[in-house]
Protein chains: 2
Amino acid sequence: MTVAASRTLANDTAARIVAAADVLYYARGFQAVGMDEVRSAAGVSLKKLYQEFPSKEALVLAVLEARHEMWESGVTSAVSHAANARDGLLAIYDYLSSWFSDESFRGCGFINAFGELGTVFPSVAEMAREHKESFQRDVAALVARAGADASLAPQLALLAEGAQTTAAISGSAESARHARAAAEVLIEAALAR
Amino acid sequence: MTVAASRTLANDTAARIVAAADVLYYARGFQAVGMDEVRSAAGVSLKKLYQEFPSKEALVLAVLEARHEMWESGVTSAVSHAANARDGLLAIYDYLSSWFSDESFRGCGFINAFGELGTVFPSVAEMAREHKESFQRDVAALVARAGADASLAPQLALLAEGAQTTAAISGSAESARHARAAAEVLIEAALAR
DNA sequence: TGACTTTGAGAACGAACGTTCTCTAGATTG
DNA sequence: CAATCTAGAGAACGTTCGTTCTCAAAGTCA
């Protein structure tokens, strides 16, 4: 077996483990899902699992990393289909709306991870912080492109954050509509100034 | 010992247990704190602990109940010192700001509980839902008193929710300022219509 | 083929947790 | 005082979990 092939195989295995763990962790919480259940869902031996991820903490971090990339590419894709920066900002809330409508939606995985593991694994808290900062930067870039004052960005981000937790707890996707409506008012006011 | 005295004693004991558990649960998470640690912090025997709360689930629910009442009275007090309904709405964000500045602040306890225990204890998920609905009603009542359209209420609530999670993860209280600034714009726009 | 390495299945281990049980010392009551 | 009840301290129990270890089967290569 060539080096390239073995690396691909290893990545495939790791990706399969991460995908299985992500579904379980997100649906039921990190502490409620044991390594043995991940092993079973991923169809892999416990030895291989610990070979790819030397501890549960490492696996959790890999899952969050993958989740961050999924989020980032989802937002980027939604924004890129908009005609201009203003519509791009609003597209974020449409993206949220479709996410909230997904049957498996259970809030922001990073907020959940922060609350559950933030104190026991500081690395998890830091990863959540990085994820949120990354989103803030994305919004700030769009706000700048739209020609609005920079203070608009954290306000729009707050609406997105609030919509996520509200949708999770209420079980309804309507918070995305409310967030979008509020964002429209804030953007209009910022552009009129 | 009279019936009244024994009831008071029982309530004192229960309140002490709840207060100790609240501090521990909020600071470190529910699953990270065992019954024995609660027992030790409350200075009570394990037998008495289980006599007051027959299970950890019951204790968690009592802690959330107490947290809800603290939140409710804090908001009510902050709002009541405002000159009018509009200022009352803004006072909510000032209240959040002072809460975020507290060293022990670690996000909304209900959001944390929902993420950590929502799937294993449906009663916890329902309690979080009730808490958030209660807040929505409070905001809606203020919005009505201010004479603004009812659609403003969920928008203002989203800002408050977003500020809480953002403050928790970022470790900064500035999200309360951003939320307040956005709320001012939304309220002004709603009243001008 | 035959020696050696790798792998998978799952048993095993040590720790932690929620909950219950035991035992003893002190309080209560007739 | 003697008999009975209560309550506290913590041992014990059964389970779960993260992690490691065992052992036999399969694969590799000279």
Side-chain angles (χ1 to χ4, degrees), chain A residues 1-3 5-14 16-18 20-22 24-64 113 116-124, chain B residues 1-3 5-14 16-18 20-22 24-64 113 116-124:
Chain A
M1 189 188 290
T2 68
V3 171
S6 89
R7 178 174 301 145
T8 301
L9 184 58
N11 285 352
D12 281 359
T13 305
R16 192 148 38 95
I17 293 171
V18 166
D22 183 43
L24 292 170
Y25 287 162
Y26 183 65
R28 311 221 316 271
F30 296 92
Q31 319 223 47
V33 175
M35 294 299 270
D36 200 65
E37 197 170 356
V38 171
R39 174 204 60 79
S40 156
V44 84
S45 75
L46 213 49
K47 184 177 243 170
K48 188 128 217 142
L49 177 54
Y50 273 92
Q51 189 173 308
E52 297 283 347
F53 304 99
S55 68
K56 184 168 184 175
E57 179 176 6
L59 177 56
V60 167
L61 291 176
V63 164
L64 291 180
E116 191 174 348
L117 300 177
T119 56
V120 48
F121 292 148
S123 55
V124 168
Chain B
M1 190 187 289
T2 68
V3 171
S6 88
R7 180 173 301 145
T8 301
L9 185 58
N11 285 351
D12 281 0
T13 305
R16 191 148 39 95
I17 294 171
V18 165
D22 183 43
L24 293 170
Y25 287 162
Y26 183 65
R28 311 224 314 273
F30 296 92
Q31 319 223 48
V33 176
M35 294 297 270
D36 200 65
E37 196 170 357
V38 171
R39 174 204 62 79
S40 156
V44 84
S45 74
L46 214 48
K47 183 179 245 173
K48 189 126 217 144
L49 177 53
Y50 273 91
Q51 191 172 308
E52 297 282 348
F53 303 98
S55 68
K56 184 168 184 175
E57 178 176 8
L59 177 57
V60 167
L61 290 176
V63 165
L64 291 180
E116 192 173 349
L117 300 177
T119 56
V120 48
F121 292 148
S123 56
V124 169

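Note that the coordinates shown come from a computational prediction; the quantities given were computed from them, not determined experimentally. Below, read A as the first sequence line, B as the second, and so on, with proteins coming before strands; counting in each chain starts at 1.
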Whole Å only: how far is the [atom1] atom of [X] from the [atom2] atom of [N]?
{"X": "Asp36(A)", "N": "dT20(D)", "atom1": "CG", "atom2": "C1'", "value": "14 Å"}
{"X": "Tyr50(B)", "N": "dC13(D)", "atom1": "OH", "atom2": "C1'", "value": "13 Å"}
{"X": "Glu116(B)", "N": "dC17(C)", "atom1": "CD", "atom2": "C1'", "value": "14 Å"}
{"X": "Lys56(A)", "N": "dT19(D)", "atom1": "NZ", "atom2": "P", "value": "8 Å"}
{"X": "Lys48(A)", "N": "dT20(D)", "atom1": "NZ", "atom2": "P", "value": "17 Å"}
{"X": "Gln51(B)", "N": "dC21(C)", "atom1": "CD", "atom2": "C1'", "value": "15 Å"}
{"X": "Arg39(A)", "N": "dG10(C)", "atom1": "CZ", "atom2": "C1'", "value": "8 Å"}
{"X": "Met35(B)", "N": "dT20(C)", "atom1": "CE", "atom2": "C1'", "value": "12 Å"}

Under 3.5 Å, is there a donor-acceptor pair between the side chain of Gln31(B) and the main chain of Glu116(A)?
no
Smallest heavy-atom separation, Ala62(B) atom then Phe53(B) atom, equals CB-CE2, 3.5 Å
Taking the nucleotide of DNA chain D with the nearest heavy atom to each, does Ala32(A) or Leu46(A) sit closer to the 5' end?
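With Ala32(A) and Leu46(A) compared, the 5'-side residue is Ala32(A).
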Donor-acceptor pair between Thr13(A) and Glu52(A) side chains, under 3.5 angstrom:
no
Touch class at under 4.0 angstrom, heavy-atom based, for Val33(A) against every strand present
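The residue Val33(A) makes sugar-phosphate contact but no base contact.
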Val63(B) side chain reached by Tyr26(B) side chain, heavy atoms, under 4.5 Å
no
Can you find a side chain N or O atom of Lys47(B) that sits less than 4.0 Å from OP1 or OP2 on dG8(D)?
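Looking at the OP1 and OP2 atoms of dG8(D), neither is under 4.0 Å from any side-chain N or O of Lys47(B).
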